[in-house]
Every structure is written in C-alpha cells, then in structure tokens.
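Because the structure is predicted, anything quoted here is derived from the model rather than measured.
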Amino acid sequence: MELESFSGIFRDSLNLKGNLTSCEQELRELMRQIDLMVTAKKAEWENHLHAVQIQLDKRNKEVGFMRTQLDEKNLEVDEYQRKVEDMELSQRDVIAQYEEQVIRLKGEMYDFPTSQHCSLKLMLWLTTRKETRNLEI
C-alpha cells in the first residue's frame with residue numbers, strides 16, 4: 001500500500017469542512033512542499049540505492065573473477081609441488097644408483113692387483129671429476 005501524500009490527507013479533511021482560511025491555505029501549501037521534498041528525497045535515495053547496487057554487482061563480479069584466478073593458481077601450485085616431489089624422488093633414485101656403483105667399484109678395486117688398482121683409481125677420479133662438472137652445469 002502506498003503512502004498517501006500529506007496534501008491528499010489535508011485536502012480530504014478540507015473537503016469535509018468547506019471553506020479554507022488563510023492559515024489553512026498556508027498549511028496546504030506547506031503540505032504540498034513537504035510532499036515535493038519527500039518525493040524528491042525518495043527519488044534521490046532510489047538513485048543512490050541503484051548506484052550502490054551497481055557497485056555491489058561490479059564488486060561481486062570482481063570477487064568471482066579473483067576466486068577463479070585463485071583456484072587456477074592453486075591448481076598450478078599443486079602441479080608444481082607434484083613435479084618437485086617427482087624430481088626429488090628421481091634425484092634420490094639417481095643418488096642411490098651412484099652410491100651402489102661406488103660401493104661396487106670400491107669392492108672391485110680391492111680385488112685388483114696394485115697396478116690395476118692405480119689405473120682404476122685414476123679412472124674413478126676422472127669419472128668423478130667429469131660427473132662433478134656435469135652437475136655444476
């Protein structure tokens with residue numbers, strides 16, 4: 001139900017009385033001005049409410065976009081973490097293989113005669129140095 005205007009209420013009461021006095025005419029004019037001010041204020045508030053609603057919608061869209069981007073970045077981070085774990089596991093496997101080779105070569109080294117031992121030691125040193133350089137690169 002819409003609110004009746006002040007002037008409408010006043011007019012109805014005046015119709016019941018009949019003639020208007022000068023005071024009643026002033027009061028009627030004041031009521032009309034109040035109606036105009038209330039109507040103007042209502043329109044202003046509705047415009048402001050509409051502007052705020054537009055801003056809210058815009059912010060909600062931005063939040064949705066940011067959430068989507070955040071979800072994508074989280075998936076990316078998860079993928080990189082998985083890759084890092086895979087690389088660490090692979091690196092541990094390679095290190096384990098090298099350690100096994102070193103243990104095997106040390107065992108073989110003790111089985112060779114002294115001259116072969118020196119050659120093997122030199123070859124092992126050269127191989128180790130080459131691997132060190134490859135890892136540095």
Side-chain angles (χ1 to χ4, degrees):
M1 177 177 150
E2 270 189 51
L3 293 176
E4 291 186 50
S5 67
F6 290 116
S7 59
I9 294 170
F10 184 68
R11 184 177 47 249
D12 292 343
S13 69
L14 287 178
N15 287 338
L16 297 174
K17 281 177 125 184
N19 291 341
L20 296 178
T21 64
S22 66
C23 183
E24 289 173 335
Q25 287 176 347
E26 283 182 44
L27 187 57
R28 187 175 188 177
E29 179 60 25
L30 288 173
M31 297 299 259
R32 187 186 67 74
Q33 289 176 6
I34 289 172
D35 280 343
L36 292 175
M37 288 189 295
V38 167
T39 303
K41 197 53 128 166
K42 180 182 174 188
E44 181 184 329
W45 287 340
E46 286 174 347
N47 288 339
H48 181 70
L49 180 63
H50 182 69
V52 168
Q53 186 65 42
I54 289 171
Q55 286 180 334
L56 180 62
D57 291 344
K58 181 181 175 184
R59 297 286 190 251
N60 283 338
K61 286 178 185 177
E62 288 175 2
V63 167
F65 178 72
M66 292 297 203
R67 280 190 178 146
T68 301
Q69 282 188 327
L70 180 63
D71 290 343
E72 289 174 4
K73 294 300 179 185
N74 283 335
L75 289 175
E76 232 178 283
V77 166
D78 290 343
E79 183 180 335
Y80 285 132
Q81 285 176 338
R82 185 183 48 76
K83 285 181 180 181
V84 166
E85 289 170 0
D86 290 347
M87 290 175 67
E88 286 175 346
L89 182 62
S90 174
Q91 190 177 22
R92 277 182 258 158
D93 289 344
V94 169
I95 289 171
Q97 288 175 358
Y98 282 135
E99 288 175 349
E100 287 176 11
Q101 285 179 353
V102 167
I103 291 170
R104 185 178 47 81
L105 289 174
K106 281 183 181 179
E108 289 176 8
M109 202 166 65
Y110 290 116
D111 294 340
F112 286 145
T114 308
S115 64
Q116 289 178 342
H117 177 73
C118 289
S119 299
L120 183 60
K121 209 174 193 182
L122 179 62
M123 188 174 75
L124 184 60
W125 179 79
L126 289 173
T127 304
T128 305
R129 186 177 170 135
K130 182 178 179 184
E131 288 174 1
T132 305
R133 284 185 183 166
N134 288 341
L135 287 177
E136 287 176 357
I137 292 174

Return each pair, listed once, that meets side chain to side chain donor-acceptor pair (under 3.5 Å) where at least one residue sits in residues 51-65; pairs must be two or more places apart or across chains.
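Passing the test, one end in residues 51-65: Gln53-Asp57.
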For [X], salt bridge (Lys or Arg N to Asp or Glu O under 4.0 Å) partners two or more places apart:
{"X": "Glu72", "value": "none"}
{"X": "Glu44", "value": "Lys41"}
{"X": "Glu76", "value": "Lys73"}
{"X": "Arg82", "value": "Asp86"}

Rounded to the nearest 0.5 Å, how far apart are [atom1] of [X] and [atom2] of [Y]?
{"X": "Tyr80", "Y": "Lys83", "atom1": "OH", "atom2": "NZ", "value": "6.0 Å"}
{"X": "Leu30", "Y": "Asp35", "atom1": "CG", "atom2": "CG", "value": "11.0 Å"}
{"X": "Ser90", "Y": "Ile95", "atom1": "OG", "atom2": "CD1", "value": "9.5 Å"}

Assess whether side chain to side chain contact (heavy atoms under 4.5 Å, CB included) is satisfied between Ile34 and Met37, documenting all intermediate values.
-> CA-CA 5 Å; Ile34 289 172; Met37 288 189 295; 4.2 Å; yes
Fill in: Gln81: side-chain contact (heavy atoms from CB on, under 4.5 Å) partners, not counting sequence neighbours
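Counting only residues at least two positions away or on another chain, Gln81 forms a side-chain contact (heavy atoms from CB on, under 4.5 Å) with Val77, Asp78.
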*Tell me, please, which residues at least two apart from Arg104 pass side-chain contact (heavy atoms from CB on, under 4.5 Å).*
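Result, side-chain contact (heavy atoms from CB on, under 4.5 Å) vs Arg104: Gln101, Glu108.
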- Task: Could you give me the CA-CA distance, side-chain angles and deciding distance for Val84 and Glu88, then say whether side chain to side chain contact (heavy atoms under 4.5 Å, CB included) is met?
- Result: CA-CA 6 Å; Val84 166; Glu88 286 175 346; 3.8 Å; yes
Within 6.0 Å of CD in Gln91, more than 12 heavy atoms from elsewhere |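 No, the 6.0 Å shell around CD holds no more than 12 heavy atoms from other groups.
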- [ ] Quick one: which residue pairs count as a salt bridge (charged side-chain N to carboxylate O under 4.0 Å, His left out) with a foot in residues 90-103, not counting sequence neighbours?
- [x]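 The answer is none; no pair qualifies.
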>> Going by the rule side-chain hydrogen bond (donor to acceptor under 3.5 Å, both in side chains), which residues pair with Gln33 if we only count those two or more places apart in sequence or in a different chain?
In response: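 So Gln33 forms a side-chain hydrogen bond (donor to acceptor under 3.5 Å, both in side chains) with Glu29.
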